[in-house]
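These numbers come from the heavy atoms of this one structure, side chains and all, not from hydrogens, waters or symmetry mates.
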Amino acid sequence: MTQVFSRIAGTGSYLPEKVLTNDDLSKIVDTSDEWIRTRTGIRERHVAAEGETTSDLAYHASVRALEAAGVDAKDLDLIVLGTTTPDLIFPSTACLLQHRLGADGCAAFDVNAACSGFIFALTVADKFIRSGAAKTVLVVGSETLTRMVDWTERTSCVLFGDGAGAVVLKADSEAGILSTHLHADGGKKELLWNPVGVSVGFKPEEPNCGVRINMSGNDVFKYAVKALDSVVEETLEANGLDRHDIDWLIPHQANLRIIEATAKRLDMPMDRVIVTVDRHGNTSSGSVPLALDEAVRSGKIQRGQLLLLEAFGGGFTWGAALLRY
Ligand code: UT7
């Protein structure tokens, strides 16, 4: 029996129109363009308009990915959507997206792995294809993270932005996705979390009912660098590859200094690393597919090249995917 792999047939992404620069932020909180750029590499980020939701961003990114793949939404067997900022508690954002795309009937669900959401969603989709349970899958990472930002808190509000990316995966006899590697450590939940919810309860006395990102930036930074180092090693080892075999690193875009640390570990010059954090900020699940799509459309990434995708986020969660584009 021939082995089945999943291949990326097309990519797409979408950013909301409104741009918020560092200078704009310095008018709201006690910060500066200089501090934000030197500590994070971020210059600006996109912010969803009032009423514009995670499923709206997902829809635009998905339409572009389907077009690029030459796939009709009706032919999708599955939609897996990574998000930590769903439109509603339920139905899932994947179900809302499915209906808008006109793909009613196929399976559709969300994956919440915070900033690692896209890598987790991609892994699930890959397993469905490898097992023969699906042939054509839409994988999305979409977020409106600015909806849970406390705009009075300078340590976190400067970091995040909104956006979405999507890929269409198709079953193929040639790889494709070579391997994926996922991890989590729930013991560190309080270092990066949003501490309210349906079951725990909301805090009506607090702004936004207590919905806000809490982060111990420094601790997250150190843990993220180590975790990403280790998952990148694990991925290379699992495939019997040398770090010099990778053509492009497509990292989660949280902080340029974290990205540079991973690139250094791989001995990769920064011109082989896709960087969008300067213009997008941290878009959580949206960041890796946004970076991938931008690099594909700009002509940087070519068919046949070896790509290493990685992400780290709240949970903690982290993971990597190695694929031949
Ligand atoms: O996507 C999920 C994963 N998330 C991440 O990977 C984020 C990881 N963490 C980070 O990227 C960095 O830790 C931050 C960018 C969040 C912070 O950078 P840092 O170099 O770790 O700064 P720090 O938190 O140690 O703060 C240094 C100083 C403090 O002042 P003092 O105590 O030295 O006087 C902060 O109060 O910078 C101050 N500060 C700011 N100053 C101006 C913190 N935020 C700001 C700000 N503007 N926005």
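For the side chain to side chain contact (heavy atoms under 4.5 Å, CB included) with Val111, the qualifying choice from Thr84, Val140, Val80 is Val80, the only one to do so. Considering Arg45, Glu44, Arg154 in turn, Arg45 is the only one that fulfils the side chain to side chain contact (heavy atoms under 4.5 Å, CB included) rule with Ile36.
Nearest approach of Ala73 to Ala103, heavy atoms of both residues: O-CB, 3.3 Å. Contact between Pro16 and Val47 at its shortest, heavy atoms only, is CB-O, 3.6 Å. Between Ser285 and Gly117 the shortest heavy-atom distance is OG-CA, 3.4 Å. Of all the heavy atoms in Leu15 and Gly163, the pair that sits closest is CD2-CA, 4.2 Å. Between Val225 and Ala261 the shortest heavy-atom distance is CG1-CB, 4.0 Å. In this structure, Leu25 and Trp151 approach most closely via the heavy-atom pair CD2-CZ3, 3.8 Å.
A donor-acceptor pair is defined here as one N or O able to donate and one able to accept, closer than 3.5 Å; no such pair exists between the side chain of Asp278 and the backbone of Gly41. Looking only at distances, a side-chain donor or acceptor of Gln305 sits under 3.5 Å from a matching main-chain atom of Gln302. A donor-acceptor contact shorter than 3.5 Å is absent between the side chain of Asp87 and the backbone of Thr53. Within the 3.5 Å criterion, the main-chain N or O of Ser142 finds a donor-acceptor partner in the side chain of Thr83. A donor-acceptor distance shorter than 3.5 angstrom exists from the side chain of Gln253 to the backbone of Ile274, with no hydrogens or angles considered. Side chain of Thr54 to backbone of Thr85: a donor-acceptor contact under 3.5 angstrom is found. Side-chain N or O atoms of Gln98 include none that pairs as donor or acceptor with a backbone N or O of Ala107 at under 3.5 Å. At least one donor-acceptor pair under 3.5 Å links the side chain of Asp24 to the backbone N or O of Thr21. For the pair Asn239 (side chain) and Thr235 (backbone), a donor-acceptor distance under 3.5 Å is present. Judged purely by atom type and a 3.5 angstrom limit, Arg147 has no side-chain atom pairing as donor or acceptor with the backbone of Glu143.
Put simply, the side chain of Val275 reaches to within 4.5 Å of the side chain of Leu256, judged on heavy atoms. Two residues are said to be in side-chain contact when any heavy atoms from C-beta on lie closer than 4.5 Å; Leu323 and Ile8 meet this criterion. Looking at Thr146 and Leu20, their side chains never come closer than 4.5 Å, going by heavy atoms from C-beta outward. Using a 4.5 Å cut-off on side-chain heavy atoms (C-beta onward), Val139 and Val168 make no contact. Looking at Leu236 and Leu266, their side chains come closer than 4.5 Å, going by heavy atoms from C-beta outward. For the pair Leu191/Met215, no side-chain contact is recorded, criterion being any heavy-atom separation below 4.5 Å from C-beta on. Put simply, the side chain of His183 reaches to within 4.5 Å of the side chain of Val231, judged on heavy atoms. Side-chain contact check for Val273 versus Pro251: some heavy-atom pair is nearer than 4.5 Å.
Taken from OG in Ser92 to CG in Asn112, the straight-line distance is 12.0 Å, to the nearest 0.5 Å. Expressed to the nearest 0.5 Å, how far CG of Leu138 lies from OG of Ser62 amounts to 4.5 Å. Taking CZ from Arg39 and CG from Leu159, the interatomic distance works out to 12.0 Å, rounded to the nearest 0.5 Å. Taking CZ from Arg130 and NZ from Lys127, the interatomic distance works out to 6.0 Å, rounded to the nearest 0.5 Å.
Residues that satisfy the side chain to side chain donor-acceptor pair (under 3.5 Å) test with Asn214, not counting sequence neighbours, are Arg212. The side chain to side chain donor-acceptor pair (under 3.5 Å) search around Thr38 returns none, not counting sequence neighbours.
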Exercise for review: Step by step, work out the side-chain contact (heavy atoms from CB on, under 4.5 Å) result for Ser26 and Asp33.
Suggested key: CA-CA 7 Å; Ser26 68; Asp33 174 53; over 6 Å; no
Check your understanding: Taking it one step at a time, do Val137 and Ser6 satisfy side-chain contact (heavy atoms from CB on, under 4.5 Å)?
Key -> CA-CA 9 Å; Val137 183; Ser6 41; over 6 Å; no
**Study point:** side chain to side chain donor-acceptor pair (under 3.5 Å) between Ser32 and Glu34, worked out
**Key:** CA-CA 5 Å; Ser32 66; Glu34 211 265 330; 4.9 Å; no
Exercise for review: Please lay out, stage by stage, how Thr40 and Asn255 fare under the test side chain to side chain donor-acceptor pair (under 3.5 Å).
Suggested key: CA-CA 5 Å; Thr40 71; Asn255 186 316; 5.7 Å; no
Practice item. Could you give me the CA-CA distance, side-chain angles and deciding distance for Leu249 and Leu309, then say whether side-chain contact (heavy atoms from CB on, under 4.5 Å) is met? Key: CA-CA 6 Å; Leu249 174 65; Leu309 283 49; over 6 Å; no
Practice item. Evaluate the salt bridge (Lys or Arg N to Asp or Glu O under 4.0 Å) criterion for residues Glu174 and Arg324: first the C-alpha distance (whole Å), next the side-chain angles of each, then the deciding distance (0.1 Å), finally the verdict. Key: CA-CA 9 Å; Glu174 265 179 61; Arg324 179 115 6 232; over 6 Å; no
Check your understanding: Given the rule in the side-chain contact (heavy atoms from CB on, under 4.5 Å) test, do Thr283 and Thr276 qualify, once you have shown the distances and angles that lead to the verdict?
Key -> CA-CA 10 Å; Thr283 58; Thr276 55; over 6 Å; no
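Leu169 and Phe109 end up in the same hydrophobic cluster when Ile, Leu, Val, Met, Phe, Trp and Tyr side chains are linked at under 4.5 Å. In the hydrophobic clustering of this structure, Leu307 groups with Leu182; members are Ile, Leu, Val, Met, Phe, Trp, Tyr whose side-chain heavy atoms approach within less than 4.5 Å, directly or through other members. By the criterion of side-chain heavy atoms lying less than 4.5 angstrom apart, applied directly or through intervening Ile, Leu, Val, Met, Phe, Trp or Tyr residues, Tyr223 is grouped together with Val220 in one hydrophobic cluster. Hydrophobic clustering, with ILVMFWY side chains joined whenever heavy atoms are under 4.5 angstrom apart, keeps Leu96 apart from Ile89. Leu292 and Leu228 fall into different hydrophobic clusters, where Ile, Leu, Val, Met, Phe, Trp and Tyr side chains are chained together by heavy-atom contacts under 4.5 Å.
Contact check on Glu294 versus Arg279 returns a salt bridge, with a Lys/Arg side-chain nitrogen under 4.0 Å from an Asp/Glu carboxylate oxygen. A salt bridge is defined here as a Lys NZ or Arg NE, NH1 or NH2 lying under 4.0 Å from an Asp or Glu carboxylate O, and Lys74 with Asp104 fails to meet this definition. Salt-bridge annotation for Lys27 and Asp23: absent, with no side-chain N of the basic residue lying under 4.0 Å from a carboxylate O of the acidic one. Contact check on Asp77 versus Lys135 returns no salt bridge, with no Lys/Arg side-chain nitrogen under 4.0 Å from an Asp/Glu carboxylate oxygen.
For residues 310-319, every residue pair satisfying the side chain to side chain donor-acceptor pair (under 3.5 Å) rule, not counting sequence neighbours, is listed here: Ser116-Thr317. Residue pairs that meet the ring pair (Phe, Tyr, Trp, His ring centres under 6.0 Å) test with at least one member in residues 4-61, sequence neighbours left out, are Tyr14-His60. The side chain to side chain donor-acceptor pair (under 3.5 Å) contacts involving residues 188-209 comprise Asp185-Lys188, where partners must be two or more places apart or lie in separate chains. Pairs of residues two or more places apart, or lying in two chains, never qualify as ring pair (Phe, Tyr, Trp, His ring centres under 6.0 Å) while including a residue from residues 239-293.
The environment of Phe90 atom CZ is sparse: at most 12 non-hydrogen atoms of other residues, nucleotides or ligands sit within 6.0 angstrom.
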